[in-house]
Amino acid sequence: MPSYWLMKSEPETYSIQDLERDGRTMWDGVRNYQARNNMRKMKEGDLVLYYHSRQDPPAAVGQAKVVREAYPDPTQFDEKSRYFDAKASEEDPRWWLVDIEWVETFPSPVALSDIKSESALGDMVLVNNSRLSVQPVKKAEFDRVRTMAGG
DNA sequence: GCCAACGTTGGC
DNA sequence: GCCAACGTTGGC
């Protein structure tokens, strides 16, 4: 049985349309331990709500699937990368990532305001800790958001 | 673009 | 190990 997650991205950086075009991507650049730890718990086949932050309105915009379990984020070793981390080494990586694959772009995105006004979604991490960029979601929450997205 | 909330760093 | 200073996130 898959687990469910929510991953945030600023659409200007990497949108659901970019993921749809690319098919799959490496979720690099996460530099928060809690978010990293969540990625390390992910299993192949887990499902992800794709969320656009810092857009108007912020919204859940689609669905993705974990296709490769956690491995070291190569950008932490790349001095030219903005994600370079001098304290990380190949022997002792700090940052991990997963690969995800596009599943669906929602026919109608579910705005944060709609999520907040849905009482069944009141316990979502999204509603209570707005900063965590990779977070667990309950199956019932995932299904509810999917239903609200129509189509 | 502002700024509150949160996370991290580093001096002590 | 505390906590002030700083940096980042992300809703508004």
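Please read all numbers here as calculations on a predicted model, not as lab measurements. So that the names make sense, note that chain A is the first sequence line, chain B the second, and so on, each numbered from 1.
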*With sequence neighbours excluded, what pairs up with Trp95(A) under the ring pair (Phe, Tyr, Trp, His ring centres under 6.0 Å) test?*
Tyr33(A)
*Quick one: ring pair (Phe, Tyr, Trp, His ring centres under 6.0 Å) partners of Phe106(A), sequence neighbours excluded?*
none
*Hey, does the side chain of Lys8(A) reach the backbone of Ser130(A) with a donor-acceptor pair shorter than 3.5 angstrom?*
yes
*With sequence neighbours excluded, tell me which residues meet side-chain hydrogen bond (donor to acceptor under 3.5 Å, both in side chains) with Glu118(A).*
Arg144(A)
*Output all residues satisfying ring pair (Phe, Tyr, Trp, His ring centres under 6.0 Å) with Trp27(A), sequence neighbours left out; order by chain, then residue number.*
Tyr50(A)
*List, by chain and then residue number, the residues other than Val125(A) in its hydrophobic cluster (Ile/Leu/Val/Met/Phe/Trp/Tyr, side-chain heavy atoms under 4.5 Å); write none if there are no others.*
Leu132(A)
_Interface residues of residues 121-134 of chain A with DNA chain B (non-hydrogen, below 4.0 angstrom)_ = Arg131(A)
_Any base atoms under 4.0 Å from Gln34(A), or only sugar-phosphate, or nothing? Heavy atoms, all strands._
sugar-phosphate
*Mind checking what makes ring pair (Phe, Tyr, Trp, His ring centres under 6.0 Å) contact with Tyr51(A), not counting sequence neighbours?*
none
*side-chain contact (heavy atoms from CB on, under 4.5 Å) with Pro93(A): which residues, sequence neighbours excluded?*
Pro72(A), Gln76(A), Phe77(A), Trp96(A)
*Give me the first and last nucleotide of DNA chain B, going 5' to 3', that has any atom under 4.0 Å from a heavy atom of chain A.*
dC2(B) to dG10(B)
